[in-house]
Colleague: 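Below you will find the structure I want to go over with you.
Just so it is clear: chains get the letters A, B, ... in the order the sequence lines come, proteins before strands, and each one is counted from 1.
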Amino acid sequence: MSRDGAAALLEVRVSHKDYLSAGGRPQRALENFALSLPVGRAGAVVGPSGCGKTTLLRIIAGLDTEFSGEVRLPAGGRLGMVFQEPRLLPWRSVIDNLRIAAPLASEQALAALLAALELEEHALHFPGELSLGLARRVAIARALAIEPDLLLLDEPFVSLDDALARDLRARIATLIDERHVTTLIVTHDLREAIELADVIFLLSPRPSRVGATLEVTTPRKLMTKDAADALEARARREIEAMRGR
Amino acid sequence: MSRDGAAALLEVRVSHKDYLSAGGRPQRALENFALSLPVGRAGAVVGPSGCGKTTLLRIIAGLDTEFSGEVRLPAGGRLGMVFQEPRLLPWRSVIDNLRIAAPLASEQALAALLAALELEEHALHFPGELSLGLARRVAIARALAIEPDLLLLDEPFVSLDDALARDLRARIATLIDERHVTTLIVTHDLREAIELADVIFLLSPRPSRVGATLEVTTPRKLMTKDAADALEARARREIEAMRGR
Amino acid sequence: MIRLLSLALLLAFWQGAALLSDPRRLPGPIPVFEAIAQEAESGALFVNLAATLARVAAAFLLAMSLGAALGYAMGRRPALDRLFDPWLVILLNLPALVVIVLAYLWAGLTEAAAVGAVALNKLPNAIVVMREGARALDHELDEMAEVFRLRPAARLRHIVLPQLAPYIAAATRSGLSLVWKIVLVVELIGRSNGVGFEINMAFQLFDVRLLLAYAIPFVLLMLAVETLLVQPFERHVSRWRRRPARGQGLA
Amino acid sequence: MIRLLSLALLLAFWQGAALLSDPRRLPGPIPVFEAIAQEAESGALFVNLAATLARVAAAFLLAMSLGAALGYAMGRRPALDRLFDPWLVILLNLPALVVIVLAYLWAGLTEAAAVGAVALNKLPNAIVVMREGARALDHELDEMAEVFRLRPAARLRHIVLPQLAPYIAAATRSGLSLVWKIVLVVELIGRSNGVGFEINMAFQLFDVRLLLAYAIPFVLLMLAVETLLVQPFERHVSRWRRRPARGQGLA
Amino acid sequence: ADRLRLGLQKTGSGVWELAVISAFGLDKEAGLELTVTELANTDAAKIAIQSGSVDIVVSDWLWVARQRSEGAKLTFYPHSTAIGALMARDKAVKSVADLSGKKLGVAGGPLDKSWLLLRAYAQQQGVDLTKSATIVYGAPPLIAEKAAEGELDAALEFWNFAADLEARGLSRVIDLRKVETALGAKGAPVVTGYVFDEGFAAKSPAPLARFFAMIDKARHLIATSDAAWRAAMQRIPAKDPAVLALYRKSYVEGIPARSVEQEREDAAGLYATLAEIGGPALVGSAKTLPAGTFYEPAASAVR
Ligand SMILES: Nc1ncnc2c1ncn2[C@@H]1O[C@H](COP(=O)(O)OP(=O)(O)OP(=O)(O)O)[C@@H](O)[C@H]1O
Ligand SMILES: Nc1ncnc2c1ncn2[C@@H]1O[C@H](COP(=O)(O)OP(=O)(O)OP(=O)(O)O)[C@@H](O)[C@H]1O
Ligand SMILES: [Mg+2]
Ligand SMILES: [Mg+2]
């Protein structure tokens, strides 16, 4: 693999990524995988369970270097990531978890984040004392606390109630529109993808490649219900086609 | 608390459930909480993140006995539970995880379950080698493998793609309709609740109580899109009202 | 509280056993504490205890810090582990006497030789325990640290040490006692003071009372350290662990 | 492979150090292995090694099984822990000599006294390590077992033991070596055969060659056990652990 | 003053002499400055001298002989003839023959000098002790205790433990002095002595000679002056006057009375006997007492 840090595009090109498995046979997660996203824009990754979405994010984040292919990232820049599980430090309070990940963030900024995620009263709790939804919110707060330039979100809003998820989507949309944070979000919710992304990557079943790319041409704020419905219907057709393959 | 095992109703009555917290102040999760579900029927629990849904399931499962109130369960019967996280044994293969939880299930039955959850090729993998969605499916397979009489599901279908989630919902609906498995499902997805449940319990924010109970009177198979839309709208109104409180 | 009760119970057992047996074989608590008081009065107890404690402390710190670092490295880097594992097994199973004798022969009858020999005896145990701890480290938290670019110091403090805590606790408890036991041997073979030296004298004279009088103060000291320092500290750092609800588990 | 290389390296070091020093202080590998061959030929080596091994095995099994059970119970039940913790600290820090002398006094100069004294010395270490393991048990898996009504045997085998594995590994490795070291002391004080007995004689004669000749076969045996039994077994039971990807972690 | 570094066992009689030396200012008189490292046991003394940390320790000539045969340049100067005894409570045990079928405790181990002497002595009378009796080896204090208690029928013990056992009612079945004579010794042969390196001796023969003379004085004082004995007693942990008296008696009996030359002759004779029984495990490669085992000061330094 190779990594390169000076592009105006976030580009991933993986000829193949295999997992060597201790039990069972080795598994090919990605094959002939290619994806590119302009810096400052948002992409959504939608694909069947177990197809390789998390693998993709880990490759982009530099956590997985054992693949053949290359990754190009915008130069410099801070990375914020929401893993599929909260991954908090169980032995530190909520606020300490934020402080440790974002030592440069001011206390006010952290307090504001906690408030935005309705976590104020949990600031001093340990992760073991949180419900899963609360813990996931802390993980989101953590990724936002470092004021990232690149944001990788792995199904960030599951286990959150609708009202909260709506608020958070709006918040992320603002980050993208105003701070031009390059964002890649994995989701199973097509509406969520349409609402947040500029490009939607529809992945095929494993071994995964980008089976279809949908550009969301209408700007986020002008998106109507009908336009969204149409996009969703198109996406569903593409997905069905890939499944039938 | 007291537990009682001879009712034709699943009944939970919690005057209050407090968590003693190591960091921060103690938290009251449930207060004046009352819920009852006829044996053989399905209930859905919908409520804001962190309100006490998991607490409720744990109390019913007998995992939490430190509360003041009482729980009545139908006599005897096997309990199947899907926790909010997979909770698999990391050191056992997928198939061994099923075998250990359901030692009485036949190999054919387990193979059929794996097939139904599209897990055949992962049977020999260790949980660490699974994507989160795959692991959650194993957890669902495990709960079904013991052929439960009471089924507690804590957001079972998150992290699964739409197609798979649809299949699984249908499968659970069949269990309820044909094998009369008493089922309680926690979800944030109102459509899922309407599709699966006979009764929907809308919980208030913490400290939680049942703020509204919606009976789904139309039988599952006869439910139209309009009827479902109407129910969903009603539920949303109730939820808004509780939030505003 | 319960700790005192427990000690009282033990004292009662001891007294009971002593009453049933020849005082030469098992003197009761009273004569032993009298002997302790006597040795304390003459000052000999403190001199020897201080000498021994200094050796225990030096050897323990040396062995634990080195052992933790090496054990961590071996647990994390399979290549290092494969290279040095045989050395570890050998050092682990080399009789204390051999190490001590060689150390004295090479470095003379010096304090450095004594402390070094003890540290070398304890080192492999510390490595073995810490290596298991390092092997069991959570990979996911590492990834988190990697993504959020935590600095090495922060990783050590917030990610690694909390996970190693139970292993450190185990290595410390059994390690302190091991070091103390080896210090006794080292003092017996080549030092002119210390509890080990006095215990040997008591053994030569077959004075079980004096033997216990020198063995017990250190035990009591450890009991105090445990009660007043280690356990409160442990309670503090492990308060994040959820209290298990009642009626669960195998036991 | 690498293991052999590592041993070769060690032998080279030893030979080098021996060349640089008086052969009476540090004999090289060749004279030591000659001495081993000599003792083996006369049969004395095997007789003594067998006697020592039997004691090591008996004391180890006794201490580990008892220690694991007690440590587990204390780790799971805070009430038990609070009651017996002071006893544990005391037993842990009682000098080996005291325990051994008391055992010989009470049970006579018998095999039972020897094995019992060794087991009693090792017991608290096993308890301490296993207690930490039991304290660190995952509560969530327990709940799973509770919900799915796993039978106690299944819980032990599938839930508890796999989690305790690293602690058992640590306790076993450092435990075996500890038992062996204490067996040497026990043999020195009151047995008429065994490696410890021979080592003591070699020490009295100040025959470092013979000292090493008796110390090394056990070390080699442990090396073989480690290479041929323990490590393959460990690899098997820990194959579920994800291999850490390259370039990660602090180290 | 010349400096000498001594390594002395804290429970040994060397310390008594030192107490007398400092009480009577003998060291100043001899122009010596003594630094003493107290040691816990004889094994510690062996390490101390081998590691070069002290100049002089107390040990036995047999060990020196073995070390010489292995190449070490240690040498020996007589200090005491005190040797152990076979102790038993049962008055019926009067000779080695009576030990048959009995449990015999041996302090030290199978290569202990006293034990080898006793075996040779028994062999003279046609008794093979290793076959006729059950032998239990163990640490000296433990063997003494077990003998006093009766778990052992008899015990072969070092002289100070023998004195203790005598005070506790056991009788001296066989004094090893008798054994030595039976095995051909002309007088009471020396057992322990001062051990030091030849190199050291060559460098400072005069201080060494003054040291031995000073020790002689101290020994004489302990034997004759009660004030000196009181000074020595300060260093003896035992408090029972009967035991103390036995200690003094044994100590005085142990003062070597003969010339180094006579001692060497006896030692050479005993060496042959011991080498035969103990074999190379005991004596190493030498068949006869290696030359130079006993200290031979250069003519100029002879007192
Ligand atoms: N062990 C605990 N100690 C302290 N507080 C706890 C503990 N477990 C849960 N709580 C608190 O109790 C409340 C209810 O938790 P619960 O897990 O039941 O929520 P939930 O409704 O399942 O939330 P979610 O939708 O996020 O899963 C939360 O505020 C949580 O922080
Ligand atoms: N460490 C691993 N070892 C072996 N196989 C792995 C490993 N991690 C992932 N896999 C396999 O690679 C495939 C892709 O995994 P990945 O986690 O990327 O899926 P995903 O698209 O994120 O799925 P989900 O929607 O369930 O989170 C899966 O089949 C998974 O089982
Ligand atoms: Mg994933
Ligand atoms: Mg929950």
Side-chain angles (χ1 to χ4, degrees), chain C residues 2-3 6-7 10 25-26 72-73 76-77 82-84 86-87 89-90 92-98 101-102 105-106 125 128-129 132 135-136 139 142-143 146 152 155-156 160 166-167 169-170 173-174 177-178 180-181 184 199 203 211-212 215 218-219 222-223 226 242 244 248-251, chain D residues 2-3 6-7 10 25-26 72-73 76-77 82-84 86-87 89-90 92-98 101-102 105-106 125 128-129 132 135-136 139 142-143 146 152 155-156 160 166-167 169-170 173-174 177-178 180-181 184 199 203 211-212 215 218-219 222-223 226 242 244 248-251:
Chain C
I2 203 161
R3 221 172 159 75
S6 163
L7 283 175
L10 192 66
R25 290 185 169 203
L26 185 68
Y72 179 79
R76 291 301 289 246
R77 310 223 154 190
R82 243 167 303 145
L83 189 59
F84 290 114
W87 301 29
V89 175
I90 290 172
L92 196 58
N93 290 296
L94 222 46
L97 188 66
V98 171
V101 169
L102 289 181
L105 280 184
W106 281 60
N125 291 68
V128 160
V129 176
E132 289 300 330
R135 281 180 183 160
H139 192 54
D142 264 358
E143 291 192 350
E146 178 87 358
R155 287 194 195 196
L156 186 64
V160 175
Y167 294 88
R173 281 221 180 73
S174 66
S177 77
L178 185 61
W180 142 253
K181 288 177 186 179
L184 297 187
I199 283 187
F203 177 54
L211 199 70
L212 288 174
F218 182 86
V219 173
M222 282 298 113
L223 209 56
E226 181 77 24
R242 270 206 277 163
Q248 277 164 12
L250 190 79
Chain D
I2 203 160
R3 222 175 160 75
S6 161
L7 284 175
L10 192 66
R25 289 183 171 205
L26 184 66
Y72 180 80
R76 292 301 289 247
R77 311 220 154 195
R82 244 169 300 147
L83 189 60
F84 290 113
W87 301 29
V89 175
I90 291 171
L92 197 58
N93 290 297
L94 223 45
L97 186 67
V98 171
V101 167
L102 288 182
L105 276 183
W106 281 61
N125 291 67
V128 159
V129 176
E132 289 302 330
R135 279 178 183 162
H139 191 53
D142 264 359
E143 290 193 353
E146 178 89 356
R155 288 194 195 198
L156 185 64
V160 175
Y167 294 88
R173 279 221 181 72
S174 67
S177 76
L178 184 62
W180 142 252
K181 289 177 187 181
L184 296 188
I199 283 186
F203 180 45
L211 200 70
L212 289 174
F218 183 86
V219 173
M222 282 298 112
L223 208 56
E226 182 77 24
R242 268 206 277 165
Q248 278 167 12
L250 190 77

Colleague: Between Val219(C) and Val89(D), is the side-chain contact (heavy atoms from CB on, under 4.5 Å) condition met? List the steps.
Modeller: CA-CA 8 Å; Val219(C) 173; Val89(D) 175; 5.7 Å; no
Colleague: Pick from Val98(D), Leu184(D), Ile90(D): which one has the most heavy-atom pairs with chain C under 4.5 Å?
Modeller: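 Going by pairs under 4.5 Å, I would pick Ile90(D).
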Colleague: Quick one, Pro95(D) and Phe218(C) - any side-chain contact, counting heavy atoms below 4.5 Å?
Modeller: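 Pro95(D) vs Phe218(C): side chains apart.
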Colleague: Contact between Leu211(C) and Leu102(D) at the side-chain level, heavy atoms closer than 4.5 Å - yes or no?
Modeller: no
Colleague: For each of Tyr167(C), Trp106(C), Phe84(C), tally heavy-atom pairs with chain D at distances under 4.5 Å, and name the one with the top tally.
Modeller: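 So the answer, after comparing Tyr167(C), Trp106(C), Phe84(C), is Tyr167(C).
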Colleague: Can you tell me which portion of Leu94(C) sits under 4.5 Å from chain D's heavy atoms? Options are side chain, backbone, both or neither.
Modeller: both
Colleague: Which atom names give the shortest non-hydrogen contact between Pro166(D) and Glu132(C), and what distance separates them?
Modeller: O-CG, 3.4 Å
Colleague: Looking at Lys181(D) and Leu92(C), would you say the former's side chain and the latter's main chain have a donor-acceptor pair under 3.5 Å?
Modeller: yes
Colleague: What's the spacing between Leu223(D) CG and Asn93(C) CG if we round to 0.5 Å?
Modeller: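 The distance works out to 8.5 Å.
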Colleague: To the nearest 0.5 Å, what is the distance between CG on Leu178(D) and OG on Ser177(C)?
Modeller: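 Output value for this atom pair is 8.0 Å.
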Colleague: Taking the side chain from Trp87(D) and the backbone from Leu10(C), do they hold a donor-acceptor pair closer than 3.5 Å?
Modeller: no
Colleague: Can you tell which part of Val129(D) gets under 4.5 Å to a heavy atom of chain C, answering side chain, backbone, both or neither?
Modeller: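 Both the backbone and the side chain of Val129(D) come within 4.5 Å of chain C.
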Colleague: Does the Ser6(C) side chain pair with the main chain of Leu83(D), one donor and one acceptor, at a distance under 3.5 Å?
Modeller: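 Between the backbone of Leu83(D) and the side chain of Ser6(C) there is a qualifying donor-acceptor contact (under 3.5 Å).
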Colleague: Between Ser174(C) and Val128(D), what is the shortest heavy-atom contact and its length?
Modeller: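 For Ser174(C) and Val128(D), the tightest heavy-atom pair comes out as N-CG1, 4.3 Å.
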Colleague: For the residue pair Leu26(C) and Leu105(D), establish whether any side-chain heavy-atom pair is separated by less than 4.5 Å.
Modeller: no
